[in-house]
Amino acid sequence: NNSNNDDENEVDDFFWYCSRMSIAALCSIICSFIGSITLVIASLFASYELNKSLIYSLTRAPIKFFDITPIGRIINRCTKDIYTIDNKISQAIVPFLTVVVQLIFTFIVIIRAVPIFLIGLLIFSILFYFVQKMYRKVAREVK
């Protein structure tokens with residue numbers, strides 16, 4: 001009877017862990033989807049704003065600007081800016097946001113498991129703040 005009870009507990013534990021892992025995986029998928037959609041929308045908005053200000057500036061430019069500057073250079077500059085917004089910036093933001101989210105969740109898991117870690121984290125965060133503030137001052141003076 002005791003052996004039968006242990007088997008039931010193991011099965012319950014297995015399903016409990018599987019359900020938790022499934023929920024975590026589902027949350028990860030949903031967050032990735034929301035992040036991708038947000039990135040696409042933000043990129044479209046940035047492209048729209050860039051194009052709007054670009055067209056505004058070009059239509060307000062004096063005629064002398066168009067006489068001096070070759071049209072190929074103007075088009076090249078416009079397409080390069082749009083390419084940068086559409087591709088380069090989004091490629092740089094994704095890894096940055098991934099690391100930030102992983103760092104936050106890592107700290108949450110560690111603090112949940114070892115609450116006293118929060119004290120050390122706060123101490124090191126304050127120490128880091130003052131060190132980087134001092135570093136910025138020195139770096140400005142060196143330049």
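Sequence neighbours left out, not one pair with a member in residues 110-124 passes salt bridge (charged side-chain N to carboxylate O under 4.0 Å, His left out). Counting only residues at least two apart or on different chains, no salt bridge (charged side-chain N to carboxylate O under 4.0 Å, His left out) pair has a member in residues 62-75. For residues 35-54, every residue pair satisfying the salt bridge (charged side-chain N to carboxylate O under 4.0 Å, His left out) rule, not counting sequence neighbours, is listed here: Glu49-Lys52. Applying the side-chain hydrogen bond (donor to acceptor under 3.5 Å, both in side chains) test to pairs two or more places apart or on separate chains, those with a residue in residues 124-134 are Gln132-Arg136. Here side-chain hydrogen bond (donor to acceptor under 3.5 Å, both in side chains) pairs that include residues 19-33, with residues two or more places apart or in two chains, number zero.
Put simply, Val138 and Tyr135 are part of two different groups of oily side chains (I, L, V, M, F, W, Y) that touch within less than 4.5 Å, one to the next. Leu121 is not connected to Ile108 by any chain of hydrophobic side-chain contacts under 4.5 Å among Ile, Leu, Val, Met, Phe, Trp and Tyr, and they are in different clusters. Under a hydrophobic clustering in which Ile, Leu, Val, Met, Phe, Trp and Tyr are joined whenever their side-chain heavy atoms come within less than 4.5 Å, directly or via other members, Phe65 and Tyr56 fall into different clusters. Grouping the Ile, Leu, Val, Met, Phe, Trp and Tyr side chains by contacts below 4.5 angstrom, directly or via other members, places Val40 apart from Leu97.
When the side-chain contact (heavy atoms from CB on, under 4.5 Å) test is applied to Ser57, no partner is found at least two apart in sequence or on another chain. The side-chain contact (heavy atoms from CB on, under 4.5 Å) check on Ile110 picks up Thr106, Phe117, with sequence neighbours excluded. Scanning for side-chain contact (heavy atoms from CB on, under 4.5 Å) contacts around Ala46 gives Ile85, with sequence neighbours left out.
Residue Phe66 comes nearest to Leu58 through the heavy atom pair CZ-O, 3.4 Å, listed as atom of the first residue, atom of the second, then distance.
Counting Ile, Leu, Val, Met, Phe, Trp and Tyr side chains that sit under 4.5 Å apart, directly or through other members, Met21 stands alone, with no cluster partners. Ile37 shares a hydrophobic cluster with Phe33, Ile41; the chain of contacts runs through ILVMFWY side chains whose heavy atoms sit under 4.5 Å apart. Think of Ile30 as one node in a network of Ile, Leu, Val, Met, Phe, Trp and Tyr side chains linked at under 4.5 Å; its network also takes in Leu26, Ile34. Cluster partners of Ile68 are absent, since no Ile, Leu, Val, Met, Phe, Trp or Tyr has side-chain heavy atoms less than 4.5 Å from it.
The line from CG of Leu103 to OG1 of Thr98 is 12.5 Å long, rounded to the nearest 0.5 Å.
Contact check for Ile116 versus Ile119: side-chain heavy atoms found under the 4.5 Å cut-off.
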